[in-house]
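Here is the structure we will look at.
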Amino acid sequence: MTRAMGAAMRRIHVGNALSAFGLGFTVPYLYVYVAQVRGLGAMTAGLVLAVFAVAALVVLPFAGRAIVRRGPLPVLLTALVAAAVGALGLGLASNAAAVLSAAAVLGAGQAVTQPALATMIVDSSTADTRSRAFAMQFFLQNLGLGVGGLIGGHLVDTSSAASFTLLFAIEAAMFLLLVVVMTTVRLPHAPRIEAAPVASGRGSWKQLLGNRAMVQLCVLGFVLFFACYGQFESGLSAYGVEAAGISTSALGTALAANTLVIVVAQFAVLRFVERRRRSRVIAVVGLIWAVAWAVAGYAGLGHGSQEMATAAFVSTYALFGLGEAMLSPTVAPLVADLAPEGMAGQYNSAFALVKQLALAVGPAVGGPLGASLHAPYIVAFLLFSLGISFLAVRLGRQLTEVQDQPWLAKSRVVARGGAPVSADV
C-alpha cells in the first residue's frame, strides 16, 4: 500500500467512526421520540421506520450510477449534507408530515453514504489489504454505534423534547464534521489485479446482472441479511420475549453481547479468515448461525430454568456476532473484487440495495412468526442458515482463484500503467 493510500484510508476510517457515532446517538431512541415525546403515536413512529427503508430503496438504484459517473467523494458529500439536514429536521419537527419528510431525507442520505464509503475503501486499498480495511470499518462502525448509544442514553429525557433536539443536532453536527474530514481525502488510483475485468463502457444494471457470480452473491447476501440482521430487533426479540420469557434488560444484554463479541473478536477472527477461501468462510458462518438458532430453540422451547433460557438467548446473539465478524472482511471485499474496473460504485450500491430489501422483508416475515409460531420460526431460520452454507459453496464454483483466495493476488498486483506498487505505508 502506498503512503497516499494509507493517508486516505485513515481519513475514511475516521469518517466511518464519526458517522456511526452520530447514528448511535439517535437510532435506539427514534421510536420513543416520535411516539411519546412528540406525541404522534405508535403508527407514525412505525411509518418513520418504514420511510427509512423506502427512501433507501428509492435512491440506491441511482446512487451506483452517480458514483460511477461522478466518483464516490462528490456523491458522499452530497449524501452527508442531506443526512445532516434530515437529522436536524427530525429534531425540530413537531407534526407527522415534518417528521416523515425529515426521515425520508435522513434515510436517503444514510443509504447513499454506505456504497460511497465502500467504494472509497476499494479505491484506497489493494486486493491484499482490502479484507483488513473492511474489517476495520466494521469494527469502528460497531464501536461508534455502541459509544454513541451509551452517551445518547445519558443525554435523553423523555419528559423534554429539547433533549432530543440536542441529540439530533449532535447527529447533524457529526455528519457535517464528516463532510469537513472527507474534503481532505485525496483518493489515489488503486492497484488492480492483472486479470481483473475492465468495464467496456458506462456502468449499467444490465452488465451487472450478466455477472453470474455477482448475481449469486446478491442472492446469498439477501439470505444473510434476512436470516440475521433482519431478525435482531424484530422476530428474534419477539421470540425471546414471548417464547423464552426474556426481560427487556436481558434483551439489552444480548444486544450488548453481540456488539462486544464483534469489537473484541474482530481482529483475532481476521487472522483466521484472511488466508482462507472466502466462499468457505461464508459457509462456516452459515453453520455457526445454524448453531445459534438451535441454541435459541433451546432458550424458548426447552424446559430449563429461566436463568438457562436467558443464558442461551444471550449466547445466540454472541454467536451471531462471531459470524458477523467473519463476514466483514469477506463479503464487502468480494463485492469489490467482482466489479469490473470503474464499476465498484455500481456493485456496492447493488449489494446495499439487496441488504435494504432483506432488512425490509426480514422484520415483516420474522416478527409475526417469532411472536406466535415459535417452533416453525426456529426451524425455518435454522434451515435458512444451512442454506447460507449451501449457497456459499455454490458461489465458490463461480469465483476465480484470486477472487476466492485474494492473497494469491499479492504477486500479481500492478499499479495502473504498469508501475510497481510502493511498499510504503
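All figures in this text were calculated on a predicted structure; none of them were measured in a lab.
Counting heavy atoms from C-beta outward, V263 and F139 have side chains that approach closer than 4.5 Å. At least one side-chain heavy atom of L77 sits less than 4.5 Å from a side-chain heavy atom of T183. Inter-residue side-chain proximity for V335 and L217 is flagged as met; some heavy-atom pair is nearer than 4.5 Å. Within the 4.5 Å cutoff, the side chain of F351 has heavy atoms near those of the V331 side chain. Side-chain contact between L287 and V291: absent, with no pair of heavy atoms (C-beta onward) separated by less than 4.5 Å. Using a 4.5 Å heavy-atom cutoff, the side chains of E324 and W289 are in contact. Using a 4.5 Å cut-off on side-chain heavy atoms (C-beta onward), L338 and L399 make contact. Residues P329 and Q266 form a side-chain contact, since some pair of their non-hydrogen atoms from C-beta on lies under 4.5 Å apart.
A distance-only check finds a donor-acceptor pair linking the side chain of T316 to the backbone of A296 [under 3.5 Å]. With hydrogens and angles disregarded, a donor-acceptor distance shorter than 3.5 Å links the side chain of R278 to the backbone of Q403. For S349 (side chain) and P61 (main-chain N/O), no donor-acceptor pair under 3.5 Å exists by modelled atom type. The backbone N or O of L236 lies less than 3.5 Å from a partner atom in the side chain of Y377, making a donor-acceptor pair. E242 places no side-chain N or O within 3.5 Å of a backbone atom of G370 that could act as its donor or acceptor partner. No donor-acceptor distance shorter than 3.5 angstrom exists from the side chain of Q405 to the backbone of R277, with no hydrogens or angles considered.
Taking the six-membered ring where the residue is Trp, F384 and F226 present perpendicular rings, their angle passing 60° and hence far from 30°.
Applying the 6.0 Å contact sphere to CZ of F62 captures no more than 12 heavy atoms from other residues, nucleotides or ligands.
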Legend entry - Test log, rule side-chain contact (heavy atoms from CB on, under 4.5 Å), inputs Y33 and S163: CA-CA 10 Å; Y33 169 70; S163 69; over 6 Å; no

Inset, instruction - Would you please test T113 and F175 for side-chain contact (heavy atoms from CB on, under 4.5 Å) and show each step? - result: CA-CA 10 Å; T113 62; F175 285 124; 5.5 Å; no

Inset, instruction - Kindly determine whether I67 and Q346 satisfy side-chain contact (heavy atoms from CB on, under 4.5 Å), including the steps that lead there. - result: CA-CA 7 Å; I67 292 171; Q346 185 98 28; over 6 Å; no

Inset, instruction - In sequence, state the C-alpha distance, the side-chain angles, and the governing distance for L391 and V223, and then conclude on side-chain contact (heavy atoms from CB on, under 4.5 Å). - result: CA-CA 9 Å; L391 291 172; V223 180; 4.0 Å; yes

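The shortest non-hydrogen separation linking P340 to Q207 is CG-NE2, 4.0 Å. The minimum heavy-atom distance linking A56 with A111 is given by the pair CB-CB, 3.5 Å. Of all heavy-atom pairs between M343 and V68, the closest is CA-CG2, 4.3 Å. Of all non-hydrogen atoms in R38 and A161, the two that sit nearest each other are NH1-CB, 3.9 Å. Nearest approach of V181 to T184, heavy atoms of both residues: O-OG1, 2.5 Å. Considering all non-hydrogen atoms of both residues, L208 and A350 come closest at CD1-CB, 3.6 Å.
Distance CZ/F390 to OG/S385: 15.0 Å, rounded to 0.5 Å. Distance CG/L18 to CG/L176: 11.5 Å, rounded to 0.5 Å. For the atom pair I288 CD1 and L322 CG, the distance stands at 4.5 Å (nearest 0.5 Å). Note that CD of Q137 is 9.5 Å distant from CE of M9, once rounded to the nearest 0.5 Å. L143 CG to T259 OG1: the interatomic distance, rounded to the nearest 0.5 Å, is 9.5 Å. A distance of 4.0 Å separates CD1 in I378 from OH in Y239, rounded to the nearest 0.5 Å.
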